[in-house]
Amino acid sequence: MNQPHITFVGAGNMATSLAGGLIQQGTAANQITLCDINPEALERAAQTLGVLTSQDAQAACAHADVVVIAVKPQVVASVVPALKTAIATRNALVISIVAGTPLSRFADWLGSAAVVRCMPNTPALVGLGATGLWANPQVSTEQRDLAQRILSAVGCAVWLESEAQIDAITALSGSGPAYYFLVMEAMISAGIALGLPAPIARQMTLQTALGAAQMAIQSDVEPDELRRRVTSPGGTTQAALERLEQGELRKLFADALTAACERSRELARS
Ligand SMILES: NC(=O)c1ccc[n+]([C@@H]2O[C@H](COP(=O)([O-])OP(=O)(O)OC[C@H]3O[C@@H](n4cnc5c(N)ncnc54)[C@H](OP(=O)(O)O)[C@@H]3O)[C@@H](O)[C@H]2O)c1
């Protein structure tokens with residue numbers, strides 16, 4: 001399928017980031033429609049991205065090959081059922097980025113439509129997202145490739161082995177940026193307590209986070225080996241790491257991610 005028409009329902013942060021990423025990667029702006037109830041959001045999208053816009057989601061979905069559901073979880077049940085006929089018109093692929101909404105709900109609303117459920121994360125807003133995907137059996141190989149291409153426009157997109165893994169992905173990468181922000185806050189405060197000016201503590205913390213992530217991504221060895229290589233016996237790094245291990249940092253992360261995963265399951269059931 002060459003240049004499929006992609007309609008986003010909800011023109012907020014995630015939809016505009018995805019649309020922007022797709023355009024940067026060569027999708028024609030007139031192959032993308034953004035729908036929203038908020039005319040100001042549509043005006044902004046039309047001006048900044050040059051995409052088509054509509055306040056009538058049903059009409060916009062009727063000529064779509066892909067419908068991306070990008071509204072908040074609180075409103076998804078009041079938005080999706082009304083799109084059933086329009087989506088069936090062209091057997092459109094539905095891609096949901098809505099947190100905590102299982103495929104079984106989409107089956108209730110849309111019958112046998114092909115649906116991919118995704119869990120992206122906030123760095124998608126700067127093109128560095130990490131998204132886990134899971135498809136229902138109706139999704140064809142061609143549609144899987146299309147979903148992968150769309151989510152890859154804002155970072156990496158990885159197929160999961162089961163829908164249940166979405167809860168683990170939510171705990172790991174969905175909520176993950178906040179864990180790194182907390183570590184950054186803690187390091188900035190510690191740097192200031194050691195006598196550094198706040199702007200320097202901030203700059204050095206953020207650059208170190210970026211550098212460590214880039215090294216880990218580019219390296220052909222695992223993070224534990226990278227850690228060993230920068231830890232000289234009896235040195236400063238070892239002194240710090242011993243304290244972190246004594247404080248049971250690994251167990252703390254295991255407990256934290258388990259709590260997030262359980263909460264994700266609870267929210268999906270509610
Ligand atoms: N942001 C993230 O990092 C992230 C990560 C993972 C998953 N997600 C999921 O992505 C989805 C979108 O998140 P977001 O951050 O982009 O939210 P957002 O910025 O609030 O965008 C949602 C948009 O949908 C509009 N809307 C509300 N009701 C509508 C309706 N009936 N028809 C059409 N549009 C409607 C909203 O308008 P109003 O503002 O006027 O209500 C808003 O412009 C959410 O379900 C979220 O769970 C987001």
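Residues take their numbers from the sequence shown, with the count starting at 1. Whatever order the structure lists them in is the order used to number ligands and atoms, beginning at 1.
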Among Ser175, Ser54, Gly12, whose heavy atom sits nearest atom 21 (O) of ligand 1?
Gly12

Checking a contact table here: which protein heavy atom is nearest atom 5 (C) of ligand 1, and how many Å away?
Pro120 O, 3.5 Å

The atoms of ligand 1 lying under 4.0 Å from a heavy atom of Val79, numbered in the order shown, are 30 (C), 31 (N)

The protein heavy atom nearest to atom 20 (O) of ligand 1 is Lys72 CE, 3.1 Å

Ligand 1 versus Ser78, non-hydrogen atoms closer than 4.0 Å: side chain, backbone, both, neither?
neither

For atom 45 (O) of ligand 1, what's the nearest protein heavy atom and its distance?
Val71 O, 2.5 Å

For Thr122, the atoms of ligand 1 under 4.0 Å from one of its heavy atoms are 3 (O)

Heavy-atom distances under 4.0 Å decide this one: backbone, side chain, both or neither, for Asn38 against ligand 1?
side chain

When you compare the side chain of Leu22 with that of Arg149, does any pair of heavy atoms fall below 4.5 Å?
yes

Could you find the nearest protein heavy atom to atom 2 (C) of ligand 1 and give me its residue, atom name and distance?
Met14 SD, 3.5 Å

Validation row: Val80, Leu110 side chains within 4.5 angstrom (heavy atoms)
yes

Are Ile32 and Leu49 close enough that some pair of their side-chain heavy atoms sits under 4.5 Å apart?
no

Do Gln246 and Glu242 pair up side chain to side chain, a donor and an acceptor below 3.5 Å, judged on atom types alone?
no

Nearest-contact summary for atom 41 (O) of ligand 1 - protein heavy atom, Å
Ile37 CD1, 4.7 Å

Need the ligand 1 atom indices (1-based, order shown) with element for anything under 4.0 Å from a heavy-atom of Met119.
6 (C)

Please say yes or no: joined through hydrophobic side-chain contacts below 4.5 Å, possibly via intermediate residues, are Val79 and Phe8 part of one cluster?
no

Closer than 4.0 Å to some heavy atom of Val98 - which atoms of ligand 1 meet that?
45 (O)

Within this structure, what is the CG-CD distance for the pair Leu52 and Gln31, rounded to the nearest 0.5 Å?
8.5 Å

Residue, atom name and distance, where the atom is the protein heavy atom closest to atom 19 (O) of ligand 1
Asn13 N, 3.0 Å

Checking heavy atoms under 4.0 Å, the part of Leu125 that sits near ligand 1 is neither

Taking the basic N atoms (NZ, or NE/NH1/NH2) and the acidic carboxylate oxygens, is any pair closer than 4.0 Å for Lys251 and Asp255?
yes

List the closest protein heavy-atom neighbour of atom 7 (C) of ligand 1: residue, atom name, distance to the nearest 0.1 Å.
Ile97 O, 3.3 Å

If hydrophobic clusters are built by linking Ile, Leu, Val, Met, Phe, Trp and Tyr wherever their side-chain heavy atoms come under 4.5 Å apart, do Ile95 and Trp159 end up in the same one?
yes

Nearest 0.5 Å, what's the OG-NZ distance between Ser112 and Lys84?
7.5 Å

Show your reasoning for whether salt bridge (charged side-chain N to carboxylate O under 4.0 Å, His left out) applies to Glu262 and Arg265.
CA-CA 5 Å; Glu262 279 168 6; Arg265 286 188 197 121; 5.2 Å; no

Determine whether any protein heavy atom is located less than 4.0 Å from atom 38 (P) of ligand 1.
no

Looking only at protein heavy atoms, which one is nearest to atom 42 (C) of ligand 1, and what is the separation?
Asp36 OD2, 3.6 Å

Consider ligand 1: state whether an atom of it lies below 4.0 angstrom from any non-hydrogen atom of Ala70.
yes

Can a donor-acceptor pair be found, under 3.5 Å and without considering hydrogens, that links the side chain of Arg117 to the backbone of Thr101?
yes

Per-atom filter on ligand 1: closer than 4.0 angstrom to a heavy atom of Ala99 are 45 (O), 47 (O)

Check for me, please, whether Leu103 and Leu133 land in the same ILVMFWY cluster - side-chain distances under 4.5 Å, paths through other members count.
no

